[in-house]
Novice: 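Below are the structure tokens for one structure; questions will follow.
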Amino acid sequence: MLKNLPHKESPSQTCGPYVHIGLTPNLVDINGVIDHDLGTSMITDTTKGERITVKGQVFSGDGAIMPDALIEVWQANADGVYDGDDFKGWGRHPCNLETGVFEFETIKPGSVEDQAPHIAFWLVARGMGMGVSTRMYFPEEQANADDPVLALLMDDPARLNTLIARKDGSTYHFNIVVQGENETVFFDI
């Protein structure tokens with residue numbers, strides 16, 4: 001009898017789409033809970049640092065876009081300090097429900113202690129049992145050569161490259177693949 005039922009996640013087995021209801025209610029037309037969805041704006045006019053855009057898509061193991069993914073990012077300010085006076089260093093953005101594109105307007109972070117400049121990502125989506133964490137590094141950074149996290153992947157360039165964004169002017173393109181041959185490196189934190 002059970003084998004004739006479709007194989008879908010139960011509400012207790014998936015991170016989404018409920019995260020949108022709780023974390024980005026305005027996106028799903030639940031208005032009046034909060035004025036605007038938190039984390040959609042990371043910088044102000046007084047934020048110091050090089051303005052950049054981080055843009056990407058999330059892909060499933062079979063290469064399909066995951067338009068209902070939700071991304072959170074954390075990063076240091078331009079001086080390598082978390083939670084500075086004019087920059088909180090945290091953002092949250094859902095992927096576009098039609099194109100799957102996420103986009104953050106932010107600043108390029110500075111190095112933190114012995115780590116190369118990077119942005120930490122956390123994402124959830126429908127069908128995922130728990131959120132996953134990864135990092136985005138900047139391709140032009142000389143400090144990448146000495147970063148302790150990247151050093152763990154130096155013998156596997158294909159995996160290493162899943163953490164390096166592609167630069168196009170002031171925009172860094174960073175796609176995330178959740179499983180399969182081109183899976184992004186995720187961290188157990």
Side-chain angles (χ1 to χ4, degrees), residues 39-44 46-63 65-66 69-95 100-125 128 130-189:
T40 55
S41 179
M42 294 181 67
I43 55 176
T44 68
T46 61
T47 303
K48 295 181 292 185
E50 176 186 344
R51 293 328 200 227
I52 64 170
T53 300
V54 176
K55 190 173 186 177
Q57 292 175 294
V58 179
F59 293 92
S60 67
D62 62 1
I65 61 167
M66 298 175 66
L70 180 109
I71 310 283
E72 289 189 352
V73 296
W74 290 268
Q75 67 170 91
N77 68 13
D79 297 325
V81 176
Y82 285 96
D83 200 16
D85 292 337
D86 63 346
F87 182 65
K88 298 207 177 306
W90 174 79
R92 175 187 294 151
H93 211 285
C95 292
V101 172
F102 66 84
E103 186 172 324
F104 291 92
E105 300 294 329
T106 185
I107 57 169
K108 187 173 178 186
S111 293
V112 178
E113 299 175 358
D114 64 341
Q115 300 178 53
H118 65 274
I119 298 176
F121 280 68
W122 178 80
L123 75 101
V124 291
M128 298 175 70
M130 57 186 285
V132 293
S133 298
T134 189
R135 286 182 169 189
M136 183 198 93
Y137 286 86
F138 298 87
E140 73 279 12
E141 277 297 326
Q142 298 297 316
N144 288 350
D146 298 320
D147 183 88
V149 173
L150 294 178
L152 297 171
L153 298 165
M154 289 297 178
D155 293 336
D156 191 345
R159 303 278 291 147
L160 175 71
N161 286 334
T162 68
L163 300 179
I164 310 293
R166 182 178 53 82
K167 184 176 182 182
D168 180 16
S170 62
T171 299
Y172 291 87
H173 297 272
F174 185 64
N175 292 332
I176 299 170
V177 180
V178 298
Q179 67 181 157
E181 183 178 338
N182 299 313
E183 180 180 313
T184 299
V185 171
F186 296 108
F187 301 98
D188 185 12
I189 54 174

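No experiment lies behind these values; they were computed from the predicted model shown.
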Novice: If you count every heavy atom of other residues, nucleotides or ligands that lies below 6.0 Å from K167 atom NZ, does the total exceed 12?
Specialist: yes
Novice: Which pair of non-hydrogen atoms, one from A76 and one from V112, has the smallest distance, and what is that distance?
Specialist: CB-CG2, 3.5 Å
Novice: Looking only at atom types and distance, does a side-chain atom of N175 sit under 3.5 Å from a main-chain N or O of G56, one as donor and one as acceptor?
Specialist: no
Novice: Quick check: does any side chain N or O of N77 sit under 3.5 Å from a backbone N or O of D79, one acting as donor and the other as acceptor?
Specialist: yes
Novice: Could you measure the distance from the CE atom of M136 to the CZ atom of R166? Nearest 0.5 Å is fine.
Specialist: 12.0 Å
Novice: Any side-chain heavy-atom pair from I71 and V58 closer than 4.5 angstrom?
Specialist: yes
Novice: Could you tell me the separation between the CZ atom of F186 and the OG1 atom of T162, rounded to the nearest 0.5 Å?
Specialist: 8.0 Å
Novice: Can you tell me how the ring of H118 sits relative to the ring of Y137, calling it parallel under 30°, perpendicular over 60° and tilted otherwise?
Specialist: tilted
Novice: So, taking the atom named OG in S133 and the one named CD in E72, what distance separates them when rounded to the nearest 0.5 Å?
Specialist: 10.0 Å
Novice: What is the distance from atom CG of L150 to atom CG of N144, rounded to the nearest 0.5 Å?
Specialist: 5.5 Å
Novice: Main chain of I107, side chain of Q75: is a donor-acceptor contact present, judged purely on distance under 3.5 Å?
Specialist: yes
Novice: Less than 4.5 Å apart, any side-chain heavy atom of F87 and any of T106?
Specialist: yes
Novice: Taking the side chain as C-beta and beyond, is there a heavy-atom pair between V177 and E181 under 4.5 Å?
Specialist: no
Novice: List the atom of R51, the atom of T44, and the distance in Å for their closest heavy-atom pair.
Specialist: NH2-O, 2.8 Å
Novice: Side-chain contact, heavy-atom cut-off 4.5 Å: Q57 with M66?
Specialist: no
Novice: Might you work through the side-chain contact (heavy atoms from CB on, under 4.5 Å) test for F187 and V149, ending with a clear yes or no?
Specialist: CA-CA 10 Å; F187 301 98; V149 173; 3.6 Å; yes
Novice: Under a 3.5 Å distance rule, please check whether T134 uses its side chain to pair with a backbone N or O of F121 as donor and acceptor.
Specialist: no
Novice: Atom NZ in K88, atom OG1 in T47: separation rounded to 0.5 Å?
Specialist: 10.0 Å
Novice: Side-chain contact test, heavy atoms from C-beta onward, threshold under 4.5 Å: evaluate it for V73 versus W90 and give yes or no.
Specialist: no
Novice: What do the steps show when you test E141 against K108 for salt bridge (Lys or Arg N to Asp or Glu O under 4.0 Å), and what is the final call?
Specialist: CA-CA 11 Å; E141 277 297 326; K108 187 173 178 186; 2.9 Å; yes
Novice: With a cut-off of 6.0 Å (strictly less than), are more than 12 heavy atoms of other residues, nucleotides or ligands near CG of D114?
Specialist: yes
Novice: If every non-hydrogen atom of R135 is compared with every non-hydrogen atom of L163, which pair is closest and at what distance?
Specialist: O-CD2, 3.3 Å
Novice: Using every non-hydrogen atom in the two residues, find where F138 and P117 come nearest and quote the distance to one decimal.
Specialist: CD1-O, 3.5 Å
Novice: In Å and rounded to the nearest 0.5 Å, what is the CZ to CD distance from F59 to E183?
Specialist: 15.0 Å
Novice: If you define the side chain from C-beta out and look only at heavy atoms, does anything of I119 sit under 4.5 Å from F104?
Specialist: no
